[in-house]
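One structure is given below, encoded as structure tokens.
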Amino acid sequence: MIFIRVLTLSLVFCLAGCTGMRDHREGMSLIEEGKVEEGLAALSKAVEAEPTNAEFRKDLYVKRSAFIDRALAQAQGLRAAGKAAEAEALYQRVLSMDSGNLRARAGLDELARDQRHADILAEAKAAMKAGDADQATKLLRPILAENPDSPGARDLMRGIRELEVKLQSVQPTLKSGYPSPINLEFREANVRMVFEGLSRTTNINFILDKDVRPDLRTTIYLKNASIDDAVDLILQTSQLQRKMLNSNTVLIYPNTPEKIKDYQDLMVKAFYLQSADAKQMQNTFKTLLKTKDMVIDEKLNLLVMRDTPEAIRLAEKLVALHDQAEPEVMLEVEVLEVQRSRLLNMGIQWPNQLTLTPLASTSGGKLTADDLRHLNGTRLGAAVSDTVVNLRKDNTDSNLLANPRIRARNHEKAHILIGDKVPVVTATTTATGIVSDSVQYLDVGLKLDVEPDIHLQDEVAIKIGMEVSSIVKQITTPNGTLAYQIGTRNANTVLRLKDGETQILAGLISDEDRNSGSGVPGLGDLPIVGRLFSSQQNSRDKTEIVLSITPRVVRNVLRPDASSMEFWSGTESALRTKPLTLPPMKPPGAPEAGAGAPEGNGGEANPRGAAKSISLSWSGPAQVGVGETFKVGLRLKSDGAVRSLPFQASFDAAALQTVEIVEGEFFKQDGGTTSFSSNIDPAAGKLFASVARSDVEGASGENTVAVVTLRALAPKAPAEIRLLSAAPIVQGEKSPATILPPPYAVTINP
């Protein structure tokens with residue numbers, strides 16, 4: 001009975017082992033085929049069949065862990081791409097295999113939060129489209145508090161911030177409140193009465209500070225002047241200042257340091273300088289703008305200043321002039337050393353020396369006087385020098401060519417060394433007898449120092465210092481120290497060459513001619529036959545160095561436009577970005593403007609009306625090739641005045657690359673002054689731009705707002721550019737509905 005039980009258990013274990021092995025093989029095969037869930041289920045059965053099999057457990061844990069990690073990463077990518085349903089399905093698959101997986105549960109919670117944020121973001125966009133930036137900001141704050149990296153919320157908040165900056169940069173003017181020209185005729189009139197009359201005529205509020213003297217009087221005669229110019233002239237001649245509260249309200253106060261500190265608004269501006277030096281710009285602002293409140297960060301090359309808006313505008317113009325990339329030049333240098341050596345050594349060198357030496361004593365001791373007395377031919381030793389026949393002729397030609405190319409910045413020295421650093425050892429002995437060696441190195445070879453000075457006409461002045469040196473011979477001092485005799489040739493000059501012009505410097509010549517001879521006196525001087533009794537050596541060494549240098553201007557200074565190099569800066573006591581001038585008088589026969597004095601009635605003008613309909617459209621080519629660069633324009637059509645347009649667009653980042661965004665001609669109509677800013681996010685495939693007109697009248701009609709330059713990266717049909725949002729600001733209080741264009745599509749051919 002015991003034997004039967006043992007046999008039965010053995011059969012059961014054998015069958016279980018066979019089942020586990022079969023399930024293991026089946027599970028691995030299913031996983032390789034991509035059926036991960038079925039494969040993991042089969043591996044689980046194999047582990048249940050053989051709980052002690054370490055290999056089965058290892059394969060189950062490794063395969064399940066790899067699938068979970070891959071699924072979580074894929075779900076995270078789908079969530080970032082906005083595919084919430086697919087991401088949720090992956091998280092659920094992970095939980096079906098590992099119900100306690102915290103990353104999957106956190107992913108589901110994040111999906112729920114994203115959905116909640118998406119609803120709030122939609123409300124914020126609707127509020128922004130309706131012109132309620134405050135409500136949009138209020139809605140965005142909780143989103144950014146919970147998820148600071150939310151791309152949609154960050155883009156919308158950035159658009160709101162840039163819009164606020166644009167609106168703040170547009171200074172209100174009195175002309176927008178009363179565009180009609182006025183006439184003024186006052187003689188010794190009280191300033192308070194003048195402003196009261198202007199207020200009644202123009203419906204503009206004038207608030208006078210309590211320290212404005214009540215007995216202050218002015219005399220002014222103006223015809224056909226704008227309200228802004230008239231008020232500025234009255235203030236300047238009466239030592240007063242103004243602060244614009246809005247286009248319909250002005251605060252008047254005395255032009256004293258105390259009142260200026262109380263009323264004058266200051267701005268903080270940060271300049272991240274690309275090429276200009278922060279310290280140099282700080283000195284420029286102190287000298288020209290008298291700015292005192294400035295901080296620089298040398299690590300970031302950042303300058304932060306706090307001053308009036310007029311000073312900030314002037315500082316921006318000065319930075320635009322200074323912050324230019326430094327010029328660079330590529331110097332192509334070619335150095336050629338030609339060396340010729342001729343040697344002729346021919347003839348017979350006869351013995352020229354006979355040496356007689358008395359031999360030692362026969363006893364083997366020292367030589368004695370008796371030995372010298374008996375000196376004869378057998379007691380003398382003789383030594384005769386060798387007889388040498390010289391038949392040698394050497395011809396040596398060598399060229400040493402160096403052709404370095406070096407790129408140097410303007411007014412920066414560049415150094416080239418082609419040669420060796422020869423060690424020179426100096427021994428020093430101390431008082432205690434300790435000897436120490438110190439090693440110094442000498443530069444031997446070709447040394448070239450160049451310093452370019454790049455001019456605007458693509459001309460380069462080059463200061464050149466060249467030295468060619470070589471070791472002539474080695475010298476050993478009595479102390480055993482080894483020194484060197486250095487032969488050198490130097491040239492220093494200054495050249496001025498055009499871009500691409502080649503200049504050759506030659507003539508550094510070393511010419512050495514030596515003749516020497518030795519022979520038998522008398523016989524060696526005989527003509528013809530004397531060659532048999534003499535040896536002649538003739539040598540000639542000639543070395544010439546040629547230097548060729550060619551400058552190639554890589555980048556030069558871009559001369560700014562004339563309008564950028566000359567601009568108004570106000571008076572010594574007050575900075576202004578434009579002069580205080582009056583418009584030209586109307587030609588004879590033109591209708592007279594309404595009187596602006598207290599007794600007159602202002603003539604009504606017809607200002608440009610606010611826009612009621614605004615539409616946008618794309619313009620650009622329909623087909624391009626891979627690698628081509630093309631331009632796409634965003635056009636604006638309006639039936640009334642538009643003051644500003646911030647917009648956001650997306651592009652296919654896999655097929656298109658945005659090179660740059662430049663301003664169009666819409667807001668530049670009638671010579672208007674504009675400001676333009678842009679930002680490109682190539683990774684997200686988004687771009688943001690904003691253009692605003694400085695005056696409040698705005699522009700109307702149809703023209704291009706911005707031009708986007710793109711490069712085709714890969715074939716695609718079609719690649720799209722989509723306008724995500726546009727929030728135009730018009731002259732009225734509420735912006736009209738804006739018609740967004742359909743996506744712009746371009747076919748990219750291989």
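In this text, all values refer to a predicted model and were calculated from it rather than measured experimentally.
Ion pair Asp155/Lys686 flagged as a salt bridge, since at least one NZ, NE, NH1 or NH2 atom sits closer than 4.0 Å to an Asp/Glu carboxylate oxygen. A salt bridge is absent between Asp499 and Arg552; no separation between the charged side-chain nitrogens and carboxylate oxygens falls under 4.0 Å. Classification of Arg313 and Glu316 as a salt-bridged pair holds, one side-chain N sitting under 4.0 Å from a carboxylate O. For Asp307 and Lys269, the salt-bridge test fails: no basic side-chain N is under 4.0 Å from an acidic carboxylate O.
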Intermediate values then yes/no, side chain to side chain contact (heavy atoms under 4.5 Å, CB included), Ile204 and Thr249: CA-CA 6 Å; Ile204 294 176; Thr249 305; over 6 Å; no

Leu723 vs Trp618, side chain to side chain contact (heavy atoms under 4.5 Å, CB included): CA-CA, chis, key distance, verdict: CA-CA 9 Å; Leu723 191 64; Trp618 295 103; 3.9 Å; yes

Could you go step by step and tell me if Leu656 and Leu713 meet the side chain to side chain contact (heavy atoms under 4.5 Å, CB included) rule? CA-CA 5 Å; Leu656 298 172; Leu713 300 178; 5.9 Å; no

Before you tell me yes or no, could you show the steps for Val231 and Arg242 under side chain to side chain contact (heavy atoms under 4.5 Å, CB included), namely the whole-Å CA-CA distance, both residues' side-chain angles and the distance that decides it to 0.1 Å? CA-CA 9 Å; Val231 171; Arg242 72 171 180 174; 4.3 Å; yes

side-chain hydrogen bond (donor to acceptor under 3.5 Å, both in side chains) between Thr674 and Lys668, worked out: CA-CA 7 Å; Thr674 63; Lys668 294 182 179 179; 5.4 Å; no

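Looking only at distances, no side-chain donor or acceptor of Asp681 sits under 3.5 Å from a matching main-chain atom of Leu687. Judged purely by atom type and a 3.5 angstrom limit, Asn410 has no side-chain atom pairing as donor or acceptor with the backbone of Glu326. Gln669 places a side-chain N or O within donor-acceptor distance of the main-chain N or O of Ser700, the cut-off being under 3.5 Å.
Between the side chains of Asn203 and Asn248, no donor N or O sits under 3.5 Å from an acceptor N or O.
Distance check: Leu121 CG to Glu123 CD gives 10.0 Å after rounding to the nearest 0.5 Å. Here the straight-line distance linking atom CG of Asp297 with atom OH of Tyr272 works out to 8.0 Å at 0.5 Å rounding. With values rounded to the nearest 0.5 angstrom, Leu198 atom CG is found 12.5 Å from Asn205 atom CG. Lys286 NZ to Met305 CE: the interatomic distance, rounded to the nearest 0.5 Å, is 12.0 Å. Put simply, CG on Leu321 and CE on Met281 are 8.5 Å apart, with the number rounded to the nearest 0.5 Å. With rounding to the nearest 0.5 angstrom, the CD atom of Gln282 is 4.5 Å from the CD1 atom of Ile296.
Legend: residues meeting salt bridge (Lys or Arg N to Asp or Glu O under 4.0 Å) with Glu412, ordered by chain and number and at least two apart, are Arg409. Partners of Arg555 under the salt bridge (Lys or Arg N to Asp or Glu O under 4.0 Å) rule, at least two apart in sequence or in another chain, are Glu328. Checked against ring pair (Phe, Tyr, Trp, His ring centres under 6.0 Å), Tyr263 has the following partners two or more places apart in sequence or in another chain: Tyr253. Every residue meeting the side-chain hydrogen bond (donor to acceptor under 3.5 Å, both in side chains) condition with Thr704, not counting sequence neighbours, appears here in chain and number order: Arg635. Legend: residues meeting ring pair (Phe, Tyr, Trp, His ring centres under 6.0 Å) with Phe688, ordered by chain and number and at least two apart, are absent. Remark: Ala655 pairs with Asp652, Lys716, Ala719, Ile748 by the side-chain contact (heavy atoms from CB on, under 4.5 Å) rule, at least two apart or across chains.
Proximity of Leu710 to Val659: side-chain heavy atoms (C-beta onward) are nowhere separated by under 4.5 Å. No side-chain heavy atom of Met267 sits under 4.5 Å from any side-chain heavy atom of Thr308. Between Asn556 and Asp458 there is a side-chain heavy-atom pair separated by less than 4.5 Å. Side-chain contact check for Gln135 versus Lys138: some heavy-atom pair is nearer than 4.5 Å. Proximity of Met294 to Val304: side-chain heavy atoms (C-beta onward) are nowhere separated by under 4.5 Å. Between Leu318 and Leu289 the shortest side-chain heavy-atom distance falls below 4.5 Å. Put simply, the side chain of Ile614 reaches to within 4.5 Å of the side chain of Leu636, judged on heavy atoms. With contacts defined as side-chain heavy-atom distances shorter than 4.5 Å, the pair Phe676/Ile661 qualifies.
Here the shortest heavy-atom pairing between Val707 and Lys631 reads CG1-CB, 3.9 Å. Residues His117 and Ile143 come closest through the heavy atom pair O-CD1, 3.6 Å. The minimum heavy-atom distance between Ala745 and Pro718, with the atom names listed, is CB-CB, 3.8 Å. Closest approach of Leu273 and Val319 over heavy atoms only: CD2-CG1, 3.8 Å. Here the closest heavy-atom approach between residue Ala124 and residue Ala136 is recorded as O-CB, 3.5 Å. Shown here for Ala315 and Phe271, the closest heavy-atom pair between the two residues is CB-CZ, 3.9 Å.
Other residues, nucleotides and ligands contribute at most 12 non-hydrogen atoms within 6.0 Å of the NZ atom of Lys125. Residue Lys83 places its NZ atom among 12 or fewer non-hydrogen atoms of other residues, nucleotides or ligands, all under 6.0 Å distant. For Lys243, the NZ atom sits in a packed shell: over 12 heavy atoms of surrounding residues, nucleotides or ligands are nearer than 6.0 Å.
Tested against Ile182, the residues Leu222, Asn224, Ile227 include a single side-chain contact (heavy atoms from CB on, under 4.5 Å) partner, Ile227.
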